[in-house]
Amino acid sequence: MLDIKYLRQNIEIVRKKMDERGQSIDFDRFLGLDAKKRDTLQLAENLRNERNSVSKEIGELKKKKADASALIEKMGNVSTKIKEYDESLRVLEEEINAFVMIVPNIQHESVPQGKGSEDNTVVRSWGKKPSFSFEPKQHFELGESLNILDFARGAKITGARFTVYRGAGAAMERALISFMLDLHVEKHGYTEVLTPFMVNAESMTGTGQLPKFKEDLFKIEGMEYYLIPTAEVPVTNIYRDEILEEDKLPIYLVAYSPCFRSEAGSYGKDTRGLIRQHQFNKVEMVKFSKPETSYDELEKLTANAEDVLEKLGIAYRTVCLCTADLGFSSAKTYDVEAWMPGQNTYREISSCSNFDDFQARRASIRFRRSDGGKVDFVHTLNGSGLAVGRTVVAILENYQQADGSIIIPEVLRPYMRGLERITP
RNA sequence: GGAGAGAUGGCUGAGUGGCCGAAAGCGAUCGCCUGCUAAGCGAUUGUACGCCCCUUAAAGGUGUACCGCGGGUUCAAAUCCCGCUCUCUCCGCCA
């Protein structure tokens with residue numbers, strides 16, 4: 001969420017920024033609520049002040065066995081009035097809170113303006129797209145004919161958008177998870193964490209999934225627990241409601257987790273294959289940074305994601321999302337898109353974002369500056385490193401051979417008992 | 001699942017209705033002392049929000065709230081009552 005004080009004082013800037021994002025938000029209503037709240041707060045606090053001092057007098061009178069009944073009666077009325085003010089404050093605060101919770105983040109000045117994904121700008125590309133002497137197949141055809149992906153049985157066991165992996169397919173998924181974790185830990189300086197895969201409502205609110213995106217989540221029946229849509233949620237919330245020491249920053253964490261998404265609103269999209277599943281695996285990088293270095297950290301984080309594809313030898317391009325395509329909580333996002341020959345297109349395989357202090361304010365993650373002891377919000381960042389299922393897709397499609405077999409990228413072989421090729 | 005105990009500041013820990021935003025100790029910061037270190041002495045040491053001051057911010061002043069969370073009783077709640085959450089111990093069950 002945005003800083004209410006900042007919002008109050010810079011309303012025109014925020015209005016303009018939200019226009020650029022294609023958001024129409026009733027800021028006048030907010031200003032009215034905010035002014036009314038502060039007036040009411042002032043009245044309530046003045047009464048409390050009176051009650052506090054008179055109550056002290058009453059205590060002293062009683063100690064001297066003097067009569068205090070007049071004061072007690074008067075304070076009874078004051079207390080009733082305080083309760084009334086408190087009630088209207090509660091209502092006002094609820095409305096203000098509901099308002100600020102659905103206002104998106106303010107984009108960084110370097111974010112390109114645009115009206116849709118066609119306005120995202122390509123910032124770089126890497127690698128050579130493979131050329132084939134045959135018509136390259138899509139991953140689901142390859143996976144089914146090699147008997148390593150079983151969509152029909154996934155659908156039988158659970159339903160649409162669930163898949164059974166078998167043999168070398170299952171092994172490749174697991175190998176990728178280990179390979180990615182090892183790379184980020186050994187080469188990029190991250191600490192591995194393994195977190196709960198269900199979280200409570202506070203955690204979902206902290207990272208911005210709640211209250212606005214409830215319909216995208218799976219909720220546990222009868223409990224206030226949700227299945228995580230990304231490890232970003234539990235990992236970022238590790239430090240919720242904490243004040244960190246400046247010398248601990250930046251903190252780099254990397255986590256594997258399955259991700260659960262309802263994919264409401266994407267019916268009919270990517271219905272075949274692994275691209276869009278209700279449950280998929282992901283390795284996620286999360287950073288907690290000082291504000292002054294967070295944009296450098298974003299560049300490094302994105303490079304860390306790209307490094308996975310470079311090690312696997314898969315061509316990619318990196319795009320900077322424009323104002324219209326930016327996620328709710330993000331101030332700036334790079335998507336890394338892997339080349340998928342079977343689909344003859346680039347597909348998103350990682351999304352790396354800087355949230356500035358937007359999540360940190362919601363989740364109350366702060367740090368104490370070592371000079372002066374001032375407490376500030378940290379900046380949080382995260383990025384996929386990478387989406388594992390989509391990486392399997394990229395490998396199958398890029399490394400397919402004329403005979404339908406798949407060459408396994410060299411870096412992955414030690415994680416797959418030395419297997420070099422998947423054959424029918 | 002059953003029974004019991006507990007939750008106070010960075011940490012330990014006192015506090016059963018007003019003198020408590022909270023003793024004491026530890027830690028930390030600054031200063032003094034000392035050839036250095038240690039010891040010793042003194043001071044400071046939570047967060048949030050409102051208002052004043054101010055061009056803004058900071059600093060400063062002032063008010064309010066916060067003793068796990070949410071309600072209640074009372075002129076007045078860390079303290080009494082109710083509900084919840086979490087932690088610990090014992091029993092049961094269990095990978």
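Fair warning: this is a prediction, and the values are worked out from it, not measured in the lab.
In this structure, the CD atom of A/E60 is 9 Å from the C1' atom of B/rC19, given to the nearest Å. Per the geometry, CG belonging to A/D86 stands 17 Å off P belonging to B/rG50, to the nearest Å. Computed from coordinates, the A/I243 CD1 to B/rA28 C1' distance equals 15 Å when rounded to whole Å. Whole-Å rounding puts the A/I365 CD1 to B/rU47 P distance at 18 Å. Rounded to an integer number of Å, the gap from CG of A/D241 to C1' of B/rC86 is 14 Å. Here the C1' atom of nucleotide B/rC49 and the CD atom of A/E93 are 9 Å apart, to the nearest Å. In this entry the distance linking CG of A/D376 with C1' of B/rA48 reads 14 Å, nearest Å. Between A/R240 atom CZ and B/rU47 atom P there is a gap of 21 Å when expressed in whole angstrom units.
Residue pairs meeting the ring pair (Phe, Tyr, Trp, His ring centres under 6.0 Å) criterion with at least one partner in residues 47-91 of chain A, sequence neighbours excluded, do not occur; the list is empty. Residue pairs that meet the ring pair (Phe, Tyr, Trp, His ring centres under 6.0 Å) test with at least one member in residues 8-37 of chain A, sequence neighbours left out, are A/F27-A/F99, A/F30-A/F99. Evaluation of the salt bridge (Lys or Arg N to Asp or Glu O under 4.0 Å) test over residues 282-291 of chain A, restricted to residues two or more places apart or in two chains, returns A/E246-A/K290, A/K282-A/E284, A/K287-A/E297. Screening residues 321-338 of chain A for salt bridge (Lys or Arg N to Asp or Glu O under 4.0 Å) gives A/R317-A/E337 as the qualifying pairs, with residues at least two apart or on separate chains.
The phosphate of B/rU47 (OP1 or OP2) has no side-chain N or O of A/R366 nearer than 4.0 angstrom.
Rounded to whole Å, the C1' atom of B/rC26 lies 24 Å from the corresponding atom of B/rU87. Between B/rC75 and B/rU12, the two P atoms lie 38 Å apart (nearest whole Å). Distance check on atom P: B/rU16 versus B/rA7 gives 13 Å, rounded to whole Å. Atom P of B/rA3 sits at a distance of 28 Å from the matching atom of B/rA14, rounded to the whole Å. Distance noted for atom P between B/rA77 and B/rC91: 43 Å (whole Å). For the P atoms, the distance linking B/rG31 with B/rU37 amounts to 13 Å, nearest Å. Between B/rG60 and B/rC53, the two C1' atoms lie 8 Å apart (nearest whole Å). For the P atom pair drawn from B/rU8 and B/rC67, the interatomic distance equals 12 Å after rounding to whole Å.
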Exercise for review: Starting at the 5' end of RNA chain B, write a dot or bracket for each base, bracketing those in Watson-Crick or G-U wobble pairs whose two distances are under 3.5 Å and using | for partners on another strand.
Suggested key: ((((((((.[[[..)..(.....]]]((((((.......))))))(((((((.......))))))).[[[[[..)....]]]]])))))))....
Exercise for review: Could you encode protein contacts along nucleotides 56-77 of chain B as a string, one character per nucleotide from 5' to 3', using B for base contact, S for sugar-phosphate-only contact and - for no contact, with a heavy-atom cut-off of under 4.0 Å?
Suggested key: -S-----BBS-------S-BS-
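Residues passing the side-chain hydrogen bond (donor to acceptor under 3.5 Å, both in side chains) test with A/S289, sequence neighbours excluded: A/T293. The side-chain contact (heavy atoms from CB on, under 4.5 Å) check on A/E60 picks up nothing, with sequence neighbours excluded. Not counting sequence neighbours, the partners of A/K16 by the side-chain contact (heavy atoms from CB on, under 4.5 Å) test are A/E20. Remark: A/D28 pairs with A/R15 by the side-chain hydrogen bond (donor to acceptor under 3.5 Å, both in side chains) rule, at least two apart or across chains. When the side-chain contact (heavy atoms from CB on, under 4.5 Å) test is applied to A/Y6, the partners found at least two apart in sequence or on another chain are A/D3, A/N10, A/I13, A/V14, A/I106.
Side-chain polar atoms of A/Q359 and A/E232 form a donor-acceptor pair below 3.5 angstrom. No donor-acceptor contact under 3.5 angstrom links the side chains of A/N120 and A/S117, judged on distance only. Using a 3.5 Å distance cut-off with no hydrogens or angles, the side chains of A/R362 and A/T207 do not pair a donor with an acceptor.
Looking only at distances, no side-chain donor or acceptor of A/N97 sits under 3.5 Å from a matching main-chain atom of A/E93.
Heavy-atom distances to RNA chain B give each of A/V375 and A/I4 a nearest nucleotide, and the one nearer the 5′ end belongs to A/V375.
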Report all interatomic pairs (protein N or O, nucleotide N or O of nucleotides 6-13 of chain B) with separations under 3.5 Å.
none

